[in-house]
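Naming convention: chains lettered A, B, ... in sequence-line order (proteins, then strands); numbering from 1 in each chain. These values consider heavy atoms only, across backbone and side chains, with no hydrogens, waters or symmetry-generated copies.
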There are 2 protein chains.
Amino acid sequence: MVNSIKPISSKSMAEQVEQHLREYFTRESFKPGDALPTELELAASLGVSRNVVREALSRFKMLGIIETKKKTGMVISNPDIVGTLEKVLAPEIMDESTLQDLFELRLVLEMGIADLLYIRKTPEDLDELEEIAAREVKGSNFRINTEIAFHGKLYEMTGNETLKRFQTLLLPVFGYVVKLENKKYIAGKVTHQGLVKLLRKGTPKDFKEGMLSHLQPHFDRLNPPKKRG
Amino acid sequence: MVNSIKPISSKSMAEQVEQHLREYFTRESFKPGDALPTELELAASLGVSRNVVREALSRFKMLGIIETKKKTGMVISNPDIVGTLEKVLAPEIMDESTLQDLFELRLVLEMGIADLLYIRKTPEDLDELEEIAAREVKGSNFRINTEIAFHGKLYEMTGNETLKRFQTLLLPVFGYVVKLENKKYIAGKVTHQGLVKLLRKGTPKDFKEGMLSHLQPHFDRLNPPKKRG
DNA sequence: TTAGTAGTTATGTTCTACATAATAAATGTA
DNA sequence: TACATTTATTATGTAGAACATAACTACTAA
C-alpha cells in the first residue's frame, strides 16, 4: 500500500469541528457557566463556515453541554446523561446483540442494588412497597404493569435518581426482548411479597438470594459461554 | 392568564425538527437500512429552511441513527449507545449529584455481575484473571492500573460487550469521585487473588460476599437514607 | 458487448442577508 | 442628580442561493 495516501478523513466538517471543540473544551478546562467564543469567532478560528460550526454546536446543544441565549452568547452547562441516553434507546432500530446485552444489564442491576437498598431503605418505603405488592394479588390483570411498579419502587428506594431513570429507560428494551424471544413472564419462586418480607426482616444476603430466585426464569434463558459475536 | 397566548415554543427550530423527525421515524416504523426523504423534501414538508433541517439531521448523525452517502441519500442505522454515552460523560462538567449517582451505579454493577459471571466464565478466563491478580502483587506501583485491569477482565468475562464498554466509561467518573472526596484506594479485606479463588471454587453466593467485602470501603462512605436533593 | 463518457441528483459547504432578543449606551425629562 | 425611555449594538436564529463533490444512470462509441 502506498503510505503517502491519506485515508481521506471522509468525516464531515461538522464532525471534525465537533471533535475539535471537544478537545478545546477539555484543554481549556471549561466549566459550567463559562462563556464560549461567538460562532463567528469559532468559524474564523477553525477556518470553516459559520454553518458548519452551527451544525457541530447543535450537537452539543442536544447533549445539553452547551446552552445559548441570544446576544449573551453560549455557555457550557451540565449535560443530562440519562436524557441523552433516552434519545438513542430506540429498541426498534437497535441490533439484537445490543438488545440482549441491555437485557442482561438490567438483570445485573436488579441483582446489584441489594446493598444500596439496605443502606437507603426507610420504613415508609417498605410500607409503600408492600402496598404495591399487595395490590397486584387482587387485580392481577396486567402482570407487566405490576412488575414495573414494584421494581420501579425498588430503584426509587436506592435514592439514586440516575439509576432510577436509567432503569426506566431499560424497561421498553426489556419488554421488547421478552416479546421478541416469545418468552412468557414466568414468575420465579419468590414473589414480590416475598421480596418485601425479606427486605423487611432478612439480611442483604437473604434478599439477594430471593431476588435471584425471583429472576431465575430470565437467567435460565441466558446463553452459555460460547464466544458471542 | 390569557389563554390564547401560546407559551412561545422558545425551542429552536432545529430542536422542534429533531422532535418531529423522531416522531416521524417511529410513526412510520423506520428500520435500519430504510431510506429517508431528501433534505429538501424534509425542509419543504416541515416548512423550514434546509439549514435548520441539516442542524437537526446533524444531531441524528452524531447519535448514529442516520448515516449518509452522497447522492444515495440518508438511511436509518443502528445507533451506538455506549459511543453516545461517551460523548456526554465528561466528569469535569457534570454536577456532583450525578457523579455520585454514577459512582454508586458502578458499585451496583460490580455487585450484580456475579451470576452472569458464573454462567459465562471459562477456564481460560480464570487463568488469565489469576495472572492479572498475581502480577499486581509483585510490581505493586500503580494500584489504580491493576484495579482497572482486574475488574475490566471481570466485565469481559461476562461476554457482554455493552456492559464491558459501559464500565470502561464509568472508570474516569469513579476515579474522579474518589479523588474529589479525597478517598484513598483502601483495599477491602478480600483481595483480587481471593476473588479469583472464590470464582474458581466457590459458589455465586460466596463470590458475592467476597466482592462485597472487597468493595466495603466504598460502601462505607455512602450516605444514609436522608432524602437527597 | 463493453469501456468510457456525460448527465443527473442528493449531500457537503460557503456566503449573504435579515430577524430577533438581550444588553449597553445615550438621551431626555423631572 | 436621578430615573425612565429610547436608541444602538451584538450574537444567535433562520432563510435562501450558489456551487462543489461523490455516486449512480444512461447513453455513446469502438
| said: Taking ring pair (Phe, Tyr, Trp, His ring centres under 6.0 Å) as the cut-off, I'd like each qualifying pair that reaches into residues 58-102 of chain A, sequence neighbours left out, listed once. | reply: F25(A)-F60(A)

| field | side chain to side chain donor-acceptor pair (under 3.5 Å) partners of N51(B), counting only residues at least two apart | value | N51(A)

| Considering only heavy atoms from C-beta outward, does the side chain of L129(A) approach that of H192(A) to under 4.5 Å? | no

| field | Q100(A)-E96(A) side chain donor-acceptor pair, cut-off 3.5 Å | value | no

| said: Determine whether S58(B) and R59(A) satisfy the following criterion, side chain to side chain donor-acceptor pair (under 3.5 Å), listing intermediate values before the conclusion. | reply: CA-CA 7 Å; S58(B) 182; R59(A) 299 178 173 199; 2.7 Å; yes

| Base-contact (B) and sugar-phosphate-only (S) positions in nucleotides 22-27 of chain D, heavy-atom cut-off under 4.0 Å, - elsewhere | SBS---

| Side-chain N or O of T38(B) less than 4.0 angstrom from OP1 or OP2 on dT9(C)? | no

| query | Rounded to whole angstroms, how far apart are CG on L36(A) and P on dA11(D)? | reply | 13 Å

| task | Using atom CG of L40(A) as one end and atom C1' of dG13(D) as the other, report the distance to the nearest whole Å. | result | 13 Å

| query | In whole angstroms, how far is the C1' atom of dT11(C) from the CZ atom of F60(B)? | reply | 17 Å

| said: I need the CG-P distance between L42(B) and dA10(C), as an integer number of Å. | reply: 12 Å

Distances for protein N or O near nucleotides 14-17 of chain D N or O, under 3.5 Å:
from    : atom 1 : to     : atom 2 : distance (Å)
dT14(D) : OP1    : M13(B) : N      : 2.7
dT14(D) : OP2    : M13(B) : N      : 3.4
dA15(D) : OP2    : S49(B) : N      : 2.9
dA15(D) : OP2    : S49(B) : OG     : 3.2
dG16(D) : O6     : N51(B) : ND2    : 3.0

| task | Take the protein atom CD1 of I66(B) and the nucleotide atom P of dA10(C), then report the distance between them rounded to whole Å. | result | 16 Å

| query | Charged N to carboxylate O below 4.0 Å: is that the case for E104(A) and R120(B)? | reply | yes

| field | Rounded distance in Å - CD (E41(A)) to C1' (dA11(D)) | value | 10 Å

Show every donor-acceptor pair shorter than 3.5 Å between a side-chain atom in residues 109-117 of chain B and any protein atom, with sequence neighbours excluded, or say none if there are none.
from    : atom 1 : to      : atom 2 : distance (Å)
E110(B) : OE1    : H151(B) : ND1    : 2.8
E110(B) : OE2    : R106(B) : NH2    : 3.1
E110(B) : OE2    : H151(B) : ND1    : 3.4
E110(B) : OE2    : Y155(B) : OH     : 3.2
D115(B) : OD1    : K208(B) : NZ     : 3.2
D115(B) : OD2    : K208(B) : NZ     : 3.2

| Separation of L57(B) atom CG from dT11(C) atom P, in whole Å? | 8 Å

| query | Between T98(A) and D95(A), do the side chains contain an N or O donor and an N or O acceptor separated by less than 3.5 Å? | reply | yes

| query | Who are the side chain to side chain donor-acceptor pair (under 3.5 Å) partners of E15(B), not counting sequence neighbours? | reply | none

| query | Does a nitrogen or oxygen in the side chain of T68(A) sit under 4.0 Å from OP1 or OP2 of dG13(D)? | reply | yes

| Rounded to the Å, how far apart are K61(A) NZ and dA11(D) P? | 15 Å

